[in-house]
Amino acid sequence: MLDLTYETPKPKVIAGAKHDWELVIGMEVHAQVSSNAKLFSGASTKFGAEPNANVAFVDAAMPGMLPVINEFCVEQAVRTGLGLNAEIHLKSAFDRKNYFYPDLPQGYQISQLYHPIVGEGEILVDMGPGVARKVRIERIHLEQDAGKSIHDMDPNMSFVDLNRTGVALMEIVSRPDIRGPEEAAAYVTKLRQILRYLGTCDGNMQNGNLRADVNVSVCRPGQYEKYMETQDFSHLGTRCEIKNMNSMRFIQAAIEYEARRQIAIVEAGGSVDQETRLYDPDKNETRSMRSKEEAHDYRYFPCPDLLPLEIEQAWVDDIKASLPELPDQKKARFVNDFGLSEYDASVLTADAESAAYFEAVADGRDGKLAANWVINELFGRLKKEDHDITESPVSPAQLGGIIELISAETISGKIAKDLFEIVYTEGGDPAQIVEERGMKQVTDTGAIEAALDQIIADNPAQVEKAKVNPKLAGWFVGQVMKATGGKANPKAVNDLVQQKLGG
Amino acid sequence: MSIDKDTAARVAKLARIKVEEDALPALAQEFNTILGFIEQLNEVDVEGVEPMTSVTPMRLKRREDVVTEGDQQDKILSNAPDAREGFFAVPKVVE
């Protein structure tokens with residue numbers, strides 16, 4: 001596999017009233033497993049159903065009901081682990097995390113505290129061409145999601161919907177290797193990208209299918225390096241956990257606010273309390289969730305309803321063999337095989353669909369030209385109408401056709417844009433459209449010369465000026481292009497103008 | 001480890017089980033008896049012994065990823081003390 005080389009980004013530094021401070025951030029991302037049925041029941045995971053329609057008796061914690069694990073959810077967790085180069089534990093086990101809340105009918109969440117299914121891995125977080133941060137993954141465990149409480153339907157009551165109760169989540173826990181708000185957002189972006197490539201989570205943050213808890217602390221420059229050397233947390237500041245964020249923008253704003261809050265406390269001679277906080281986007285602040293503090297006594301114990309989960313190496317190997325090409329490899333391949341810039345390769349590999357589209361366009365054609373057209377024309381046009389690549393009215397074959405016409409110099413770059421617009425709005429075969437609508441580039445110097453001679457004859461004053469000031473030659477080029485409806489080969493026109501006026 | 005009255009009260013509260021003040025000392029004593037027994041078990045050297053999770057050697061039962069249950073809102077809500085518009089209605093809980 002080809003690897004791109006990268007440098008490590010500088011950590012974000014915030015200037016306090018007295019000193020400079022650095023940030024140390026670790027994340028717990030909850031990613032909903034893409035599956036039809038829940039982790040331990042046969043109820044559907046479909047979003048947007050009638051309240052309490054996707055609920056099996058075990059989800060509602062009816063007495064005597066027993067959980068039975070969905071094997072596909074296990075496979076998805078293993079696939080995710082493999083995608084993050086993580087170690088897969090052939091033996092894992094489930095524990096009960098006990099707390100009381102109305103949307104948790106069991107009174108406990110089935111999770112994996114002591115023996116998670118996936119161990120240490122890593123993610124390379126891109127921070128721009130040639131710059132990336134390697135973030136270590138501590139573990140991934142499988143657990144149940146809770147239900148949903150709605151507080152604004154009645155002044156005195158909360159309404160509880162158990163449709164989400166028992167849906168499989170992967171909790172992906174990072175080490176505190178993230179060094180600023182932008183890196184945190186980039187980390188979530190990269191993780192989301194990998195999950196979507198793997199097909200293990202759809203990454204829909206709006207629906208809450210990907211949410212992040214962020215642990216933030218601050219330290220003086222130099223302290224983090226001591227931590228990295230020793231893995232001793234005492235070199236770092238006290239952390240606070242900001243719960244449940246589902247937007248990149250909020251994640252960044254919350255970290256920025258939280259870091260400044262902690263710096264102010266420490267610089268005033270106080271100490272930060274380790275606690276759980278909630279980000280309020282309306283006020284752009286974090287506040288303590290005091291009610292969570294007591295609930296933090298989770299009294300974990302092994303779940304007596306479930307035997308340990310034992311999987312076979314051969315099965316893991318099969319899953320590994322079925323992994324798709326992942327973003328880092330794909331990006332490196334695009335740079336190497338198509339001669340793309342790292343930036344363009346990043347844009348094209350942002351999601352698997354875009355990458356596949358590009359490859360279909362570039363296949364057997366000029367890769368750089370294909371990249372330009374996909375990124376600048378197609379993506380730009382799609383964005384205007386808020387469409388994504390899967391909704392593109394232009395197929396890779398059609399866009400490829402346009403690119404072939406450009407490469408063969410059958411059409412000029414300007415006409416190509418008009419052609420693209422026609423194909424986008426009306427459809428059709430590009431070559432046929434060019435033929436039928438007379439869009440072919442005029443390379444016939446005779447025709448261009450005739451047009452130019454006419455313009456020279458009509459504009460004697462301009463000719464005189466251009467003889468003194470060669471820059472005015474451009475005016476003639478423009479006039480010829482106009483006279484030929486943009487179809488003249490610009491290079492041919494330029495050459496002729498130089499020849500006739502330049503002397 | 002010894003459980004006092006306050007710890008017993010805290011455990012009861014976390015489990016949302018109502019225990020009258022005058023019942024707490026007896027409850028604490030019961031906990032202590034249980035923990036005492038467990039401490040006794042802790043004296044056994046189990047170094048290198050795999051925990052026994054099942055009496056018969058069994059593999060964790062799996063299900064396929066197929067929707068087999070649901071669409072039974074009425075049954076799910078039938079035991080609820082209060083249900084409205086398809087939801088369980090509970091006393092207001094808000095952060």
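Here is how names work: the chains are called A, B, and so on, in the same order as the sequence lines, proteins then strands, and each is numbered from 1. Fair warning: this is a prediction, and the values are worked out from it, not measured in the lab.
For E64(B), the part lying under 4.5 angstrom from a heavy atom of chain A is the backbone only. In this structure, chain A has a heavy atom under 4.5 Å from the side chain of N79(B), while its backbone stays farther away. Proximity to chain B is absent for every atom of P304(A), based on heavy atoms less than 4.5 angstrom apart. Heavy atoms of N156(A) lying under 4.5 Å from chain B belong exclusively to its backbone. For V66(B), the part lying under 4.5 angstrom from a heavy atom of chain A is the backbone only. Heavy atoms closer than 4.5 Å to chain B are found in the backbone of E310(A), but not in its side chain. Of the atoms belonging to F40(A), it is backbone heavy atoms, and not side-chain ones, that fall under 4.5 Å from chain B. For P308(A), the parts lying near chain B are the backbone and the side chain together; criterion is any non-hydrogen pair under 4.5 Å. For A60(A), the part lying under 4.5 angstrom from a heavy atom of chain B is the side chain only.
With chain B as the partner, the residue from N52(A), T45(A), N163(A) showing the most heavy-atom pairs under 4.5 Å is N52(A). By number of non-hydrogen pairs under 4.5 angstrom with chain B, the leading residue of G107(A), A93(A), S44(A), P302(A) is S44(A). Looking only at heavy-atom pairs under 4.5 Å with chain A, the residue among E85(B), M58(B), K61(B), R84(B) that has the most is R84(B). Across E71(A), M157(A), M153(A), the residue that shares the most heavy-atom pairs under 4.5 angstrom with chain B is M157(A). The residue among S41(A), S149(A), A43(A) with the most heavy atom pairs within less than 4.5 Å of chain B is S41(A).
Under 4.0 Å is where a charged nitrogen must lie from a carboxylate oxygen, and between D154(A) and K92(B) no such pair does. Ion pairing between a basic and an acidic side chain is recognised when a charged N comes within 4.0 Å of a carboxylate O; E258(A) and R277(A) show such pairing. In summary, R287(A) and D280(A) engage in a salt bridge, as defined by a charged side-chain N under 4.0 Å from a carboxylate O.
Under 3.5 Å, the side chains of T200(A) and Q76(A) contain no donor-acceptor pair of N or O atoms. Residues Q274(A) and E241(A) have side chains that never bring a donor and an acceptor to within less than 3.5 angstrom of each other. No side-chain donor-acceptor contact under 3.5 Å links E28(A) and H30(A). With 3.5 Å as the limit, one finds a donor-acceptor pair spanning the side chains of N244(A) and R211(A). Between the side chains of H115(A) and S92(A), no donor N or O sits under 3.5 Å from an acceptor N or O. Checked by atom type, the side-chain pair N284(A)/Y279(A) shows a donor-acceptor distance below 3.5 Å. In summary, the side chains of T165(A) and D59(A) do not present any donor paired with an acceptor at a separation below 3.5 Å, with no hydrogens or angles considered.
Of residues 31-39 of chain A, those residues lying under 4.5 Å from chain B by any heavy-atom pair are S35(A), N36(A), A37(A).
In this structure, F250(A) has its ring center at least 6.0 angstrom away from the ring center of Y257(A).
Annotation for K148(A): atom NZ does not count as buried by contact number, only 12 or fewer foreign heavy atoms lying within 6.0 Å.
Taking the centre and axis of the six-membered ring of Y108(A), the NZ or CZ atom of K97(A) falls outside the cone set by 45° and 6.0 Å.
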